[in-house]
Amino acid sequence: MYFEQLSPAFGTFVDSVREKKVVVVGHARPDGDCIGCQVALGRVLRAMGAESVCLNQDPVPRRLDFLCPEEFFVKPGEWKPEGHVAVAVDCADPDRPGVAVRDLLAGFDANIDHHISNTGYAGLNLVDSTSAATAEILAGLFLDNGYPIDPITALGLYVGIATDTGQFRFPSTTPRVFEISGRLLHLGADPARASRCLYERESLEKMKLLEAYLSSLRLECGNRVCLGVLPQDVFRKTGAGPDDTEGLVDYARSIDGVDIGVILEDRGVEIKGSFRAKDPRYRVCDLARHFGGGGHDCAAGFTVEMPFDSFYPNLLKVLLEHFREVDSGGDKQETDGGK
Ligand code: 5GP
Ligand code: MN
């Protein structure tokens, strides 16, 4: 058994929805773990007799469309929630799916997630923050219960694990990650195909966005922070889309001597920010939480409604204070998330 506590509860839940309609909800601006989990859970529920659909506020990014060979995803405006059991995946709190989805649903019957900041907002909360990805939990729950994992389900789960571990490079990459991934390969997941689909289909527009981001990079906090800004008009100028920001911040973190990489998207009325740390001791989820967001020790994000010019000095102050606290050993508990 991979999840001795969670798997029996998951089995009971699946038994209770076999004849029902289920909506599998993901978060706003969905990533590989989110879409991989939605596809996988949707398919397994169908195989077990339920009628399932996947619901997101934002569309499936083009990068991940290879996981969705059939019409599986519904949009908030074109779908009626009546009679559906609602399950959230990869969502730390009930607001993560976004306003359009939150306003549509009365609440969640189940919540499957790996964020340490998960608020336990559903009827059934299957949360394990020692897992590198929600897909790792889901794969374990399927395997423990002996549910059918077809090659597309296996690929979705593999992509969730591979993307959330930064291709098996982050400290969250445990022996269990490799064990479960190995099982998924036996069940038909193809890592070479996943990697080709994920990373060898970039657009020229995305490269131009990368160029804009790289040229904006600057060092702050005694060169321990590398930070880049995407100005308001950058998407119009480059032709890139909102999903094309994925992965840019990794370049800022990759610089020698830098502890934390930052990307700030200036949207005029609000700022979307992401933090990436090399080491979990920098607990960037605490930084993100400071601005109303959340995430993991090494990867976290937030959105604040504030003009850029007043936000920036505040961010630098918070970063310096955070370094002081971390360097002094900190008075906060070590967390086990985002390892
Ligand atoms: P990203 O920086 O790629 O948007 O997100 C990195 C991590 O932080 C993800 O695990 C994501 O779930 C989390 N995250 C990003 N934005 C938010 C936010 O606004 N609120 C919360 N709670 N988590 C976020
Ligand atoms: Mn995840």
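All ligand and atom numbering here is 1-based and tracks the order in the structure. The basis for the numbers below is simple: all heavy atoms, side chains too, and nothing from hydrogens, waters or symmetry mates. Throughout, numbering of the chain's residues begins at 1 and tracks the sequence. Fair warning: this is a prediction, and the values are worked out from it, not measured in the lab.
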A.B. asks: With no hydrogens and no angle check, just 3.5 Å: does a side-chain donor-acceptor pair link His296 and Asp164?
C.D. replies: no
A.B. asks: So, Tyr121 versus Asn111: side-chain donor-acceptor pair below 3.5 Å or not?
C.D. replies: yes
A.B. asks: Exactly one of Phe235, Phe308, Tyr213 should register a side-chain contact (heavy atoms from CB on, under 4.5 Å) with Glu265. Which one does?
C.D. replies: Phe235
A.B. asks: Could you name the protein residues that come within less than 4.0 Å of ligand 1, counting only heavy atoms, and order them by chain and residue number?
C.D. replies: Asp93, Arg96, His115, Lys272, Ser274, Arg276, Gly293, Gly294, Gly295, His296, Ala299, Ala300, Gly301, Phe302
A.B. asks: List in chain and number order the residues that pass side chain to side chain contact (heavy atoms under 4.5 Å, CB included) with Arg96, two or more places apart in sequence or in another chain; answer none if no residue qualifies.
C.D. replies: His27, Cys91, Asp93
A.B. asks: Can you tell whether the side chains of Arg201 and Asp65 come within less than 4.0 Å, N to carboxylate O?
C.D. replies: yes
A.B. asks: Pairing donors with acceptors under 3.5 angstrom, does anything connect the side chains of Tyr2 and Arg183?
C.D. replies: yes
A.B. asks: Do the side chains of Arg29 and Asp243 get close enough for a salt bridge, i.e. N-O under 4.0 angstrom?
C.D. replies: no
A.B. asks: Suppose the cut-off is 2.8 Å; how many protein N/O/S atoms fall inside it around the Mn ion (ligand 2)?
C.D. replies: 4
A.B. asks: My understanding is that only residues two or more places apart in sequence, or in another chain, count here; which of them pass side chain to side chain contact (heavy atoms under 4.5 Å, CB included) with Glu205?
C.D. replies: Ser203, Ala240
A.B. asks: Is there a salt bridge (Lys or Arg N to Asp or Glu O under 4.0 Å) between Arg102 and Asp95? Walk through the geometry before answering.
C.D. replies: CA-CA 6 Å; Arg102 195 195 55 199; Asp95 291 334; 3.0 Å; yes
